[in-house]
Amino acid sequence: MASTVNPTEEVLNKGFSYPRGKVIGGYSTVNALAYMRGHKADYELWAAQDPEYIIWNYYHCLEAFKAVENNARKNPDVEFEKYHGFNGLLYVQDPAVDEFDISKDVFKVVRKFGIPSNKDFNGAKQNGVGRYQFTMKDGKRFTLADGYLKDALKKVIVSPPKPFIEGHPHALVNDNVGKFVAVNVKSSTHMLNIIWDEKKKDENVAIGVKYSYNGKDYNCYIAPKGEVIICGGAINSPQILMLSGIGPKKNLEDNSIKVRKELPVGHKLRDHPFCIITATVSVPGSTTGSILNYSSFGVDFVSFYKGNIEGKIPNREEFNDERPDIQQYSGAVLFDKGILDEYPTDKKEFYSMLTALNLPSSVGNLELRSSDPFAHPKIFLNYYDKPEDLYRMMSSLKLSRKILEQPPLSTDWGVKVIGLDEVNDDKEWEKYIRKRTTSSAHPCGTVKMAPEFKGGCVNHRLQVYGTKNLRVVDASIFPTIPAGNLNAPTAMVAWRASKLIKEDYYKKV
Ligand SMILES: Cc1cc2nc3c(=O)[nH]c(=O)nc-3n(C[C@H](O)[C@H](O)[C@H](O)COP(=O)(O)OP(=O)(O)OC[C@H]3O[C@@H](n4cnc5c(N)ncnc54)[C@H](O)[C@@H]3O)c2cc1C
């Protein structure tokens, strides 16, 4: 499933495809596996919003990260053990393959520039250069569904309900009518909207969901003391809320949807823009077909540092800044295939350096295109709305080019950057960036967790304002974007949510 990002001036008047994982396990089934939690300061920001948001401070988030994680690092030291979990259901490991020889040389050059080395980006400090850890088990992808759903499904008990109630939330359809399950996962269903208790109109009490399956619509109702939990991700959760009457008044009314609760749903869309420097590799005198020995992976190491606000190559102080805002990763792969349309080459091997803005200032939004639940919403990322984002990106790309121009890369490996021959001043860099920028596919923040008077849509317990029995649990609730990748933070939020849901369940009479 992919929506399209709407063209804006900021993204060079072009739209681009915006992928999602329409599958059990969601994005974690298709993502790049990097296990990265963001910076501890991210969570202190979440907690600083109001006293009761303390449950989201770094101390509490670290507890949740560790509870979720099952880290397979060999011989972890005491420092590593302080920050990691070893008994959770999400498997994490160091890369299963050695880095490419060329990457070893890139690493050396990066170190020469003054970037310190870092063996644990999820530990005491985030800045530096090193290798990712990945959400993998025994060298294979490990999704959140592998960890949290497969075992639960195995434990399902199917037995005849006494008595069977038509429309019971756990009742199965078709051949299984009359049977009862503890966990019922239905694939190929599309949730349409929330069902509200029409007897308590003013209270917005969620009592179930309407979904489409195989061309037919079904209603599914919550169990006593239960609740509706939306986890459709940062694009679909806001869409579902808006289709159910929760959202910005104008956009809802423009689409003939009755407004139940006016909230800034869909606002504050955050994402990590990224832009790539591509180089050809051609070892002088080599006659062999492949010098790089491609593996399936392509991401060898990563650097975190602070981008330069004036667009200059970052300095030592910025490399050592403990609140980095750039994530630059690289590998012997062609990531930006489009560049070859403009700069054709007969070379067959490539090296790419990708820069993601980890703390972008620019904010996007999404809105309903129509009241049709199958129509993709309109997405506006507004990248580079704030000039500082552009300059930070520029500073990191200038560094990438400089790195690739150094020996032994330029000499022994014959590395030659493509697409930048004409790029010599900041105006040209700006053109390059606007043209080549794309998304890390890290949308979040569209159902922001914050006090309502500060523009929040859900409270600190992830309950939707102005409703009852309704919670949202996914990346859409992030109050600010974590300075890293989003899979681990999403799992962390889900773990905390499970505790909140349980607490509230026992409080209900
Ligand atoms: C190409 C790519 C690479 C990435 N790389 C990384 C990485 O290396 N490391 C990392 O940490 N993160 C990465 N991410 C991002 C990360 O995986 C996601 O941010 C995170 O998993 C989001 O989780 P979520 O639960 O919020 O949403 P999702 O994972 O999108 O889950 C939403 C689920 O809801 C379902 N759904 C949506 N709407 C409906 C509906 N109406 N009815 C029924 N079901 C619905 C979807 O099918 C999906 O299963 C990447 C993402 C992509 C796309």
Side-chain angles (χ1 to χ4, degrees), residues 165-171 173 184-186 189-213 215-267 366-377 446-452 455-474 476-477 497 500-505 507-509:
I165 307 157
E166 186 84 43
H168 188 282
H170 302 310
V173 288
N184 187 2
V185 175
K186 272 178 182 293
T189 59
H190 191 88
M191 183 181 160
L192 306 174
N193 55 262
I194 296 158
I195 303 172
W196 303 103
D197 185 348
E198 291 304 336
K199 283 186 232 124
K200 297 179 187 163
K201 273 200 169 58
D202 300 335
E203 293 178 51
N204 294 329
V205 184
I207 55 168
V209 301
K210 187 185 271 295
Y211 66 91
S212 162
Y213 175 70
K216 274 172 81 177
D217 292 355
Y218 295 87
N219 289 344
C220 176
Y221 295 95
I222 56 173
K225 300 212 285 176
E227 52 181 282
V228 173
I229 300 162
I230 309 286
C231 26
I235 304 301
N236 291 72
S237 286
Q239 183 185 28
I240 289 166
L241 290 178
M242 289 192 274
L243 290 169
S244 309
I246 311 286
K249 192 165 181 282
K250 182 165 182 334
N251 186 225
L252 265 51
E253 286 178 350
D254 285 351
N255 288 288
S256 312
I257 295 169
K258 182 186 150 199
V259 182
R260 287 180 174 271
K261 170 72 183 167
E262 186 174 5
L263 285 176
V265 172
H267 296 189
L366 68 81
E367 55 187 52
L368 285 184
R369 184 185 303 276
S370 96
S371 59
D372 173 2
F374 294 96
H376 293 303
T446 46
V447 187
K448 182 175 171 171
M449 171 178 68
E452 193 177 354
C457 300
V458 295
N459 65 17
H460 62 291
R461 300 183 78 80
L462 311 182
Q463 294 154 320
V464 179
Y465 289 117
T467 70
K468 286 186 177 152
N469 290 349
L470 181 61
R471 231 181 276 252
V472 178
V473 181
D474 56 32
S476 68
I477 67 92
L500 301 175
I501 292 163
K502 219 162 129 182
E503 277 171 23
D504 290 345
Y505 179 85
K507 272 191 228 150
K508 282 185 188 168
V509 278

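For this chain, numbers begin at 1 and follow the sequence in order.
Arg471 is not listed as a side-chain neighbour of Val458, based on a closest heavy-atom distance of 4.5 Å or more. At least one side-chain heavy atom of Ile194 sits less than 4.5 Å from a side-chain heavy atom of Leu241. Counting heavy atoms from C-beta on, the side chains of Pro248 and His267 come closer than 4.5 Å. Looking at Met191 and Ile230, their side chains come closer than 4.5 Å, going by heavy atoms from C-beta outward.
A distance of 7.5 Å separates CZ of Arg260 from NZ of Lys201, quoted to the nearest 0.5 Å. Rounded to the nearest 0.5 Å, atoms OH (Tyr213) and OG1 (Thr189) are 8.5 Å apart. Taken to the nearest 0.5 Å, the OG1 atom of Thr446 stands 5.5 Å off from the CG atom of Leu366. Taken from CG in Asp197 to OH in Tyr221, the straight-line distance is 10.0 Å, to the nearest 0.5 Å. Interatomic distance, Asn459 CG to Ile477 CD1, rounded to the nearest 0.5 Å: 10.5 Å. Taken from SG in Cys220 to CD1 in Ile195, the straight-line distance is 7.5 Å, to the nearest 0.5 Å.
Using a cut-off of 4.0 Å between Lys/Arg side-chain N and Asp/Glu carboxylate O, Lys508 and Asp504 are scored as not salt-bridged.
In terms of heavy atoms, Gly233 sits closest to Pro238 at O-CD, 3.6 Å. For the pair Leu192 and Leu243, the tightest heavy-atom approach, listed with the atom from each and the gap, is O-CD1, 3.6 Å. Here the shortest heavy-atom pairing between Ile207 and Val228 reads C-CG2, 4.4 Å. For the pair Asp372 and Gln239, the tightest heavy-atom approach, listed with the atom from each and the gap, is O-NE2, 4.2 Å. Contact record, His460 with Leu500: O-CD1, 4.0 Å, taken as the closest heavy-atom pair. Here the shortest heavy-atom pairing between Leu263 and Cys457 reads CD1-O, 3.6 Å.
Of the candidates Val265, Val464, Ile246, Val464 is the only one forming a side-chain contact (heavy atoms from CB on, under 4.5 Å) with Val472.
Sparse packing is recorded around NZ of Lys199, with 12 or fewer heavy atoms of other residues, nucleotides or ligands lying under 6.0 Å away. For Lys225, the NZ atom is densely surrounded, since the number of other residues' heavy atoms within 6.0 Å is greater than 12.
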- Task: Test salt bridge (charged side-chain N to carboxylate O under 4.0 Å, His left out) on Glu262 and Lys249 and set out the steps.
- Result: CA-CA 6 Å; Glu262 186 174 5; Lys249 192 165 181 282; 6.0 Å; no
- Task: Take Glu227 and Ile501, measure what side-chain contact (heavy atoms from CB on, under 4.5 Å) needs, and give me the verdict at the end.
- Result: CA-CA 9 Å; Glu227 52 181 282; Ile501 292 163; 4.0 Å; yes
Item to complete: Could you go through the side-chain contact (heavy atoms from CB on, under 4.5 Å) check for Arg461 and Glu503 one step at a time?
Response: CA-CA 10 Å; Arg461 300 183 78 80; Glu503 277 171 23; 2.6 Å; yes
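A donor-acceptor distance shorter than 3.5 angstrom exists from the side chain of Asn251 to the backbone of Leu368, with no hydrogens or angles considered. Side chain of Asp474 to main chain of Gly232: a donor-acceptor pair is present (N/O by atom type, distance under 3.5 Å, no hydrogens or angles). The closest donor-acceptor contact from the side chain of Ser212 to the backbone of His190 lies at 3.5 Å or more, if one exists at all.
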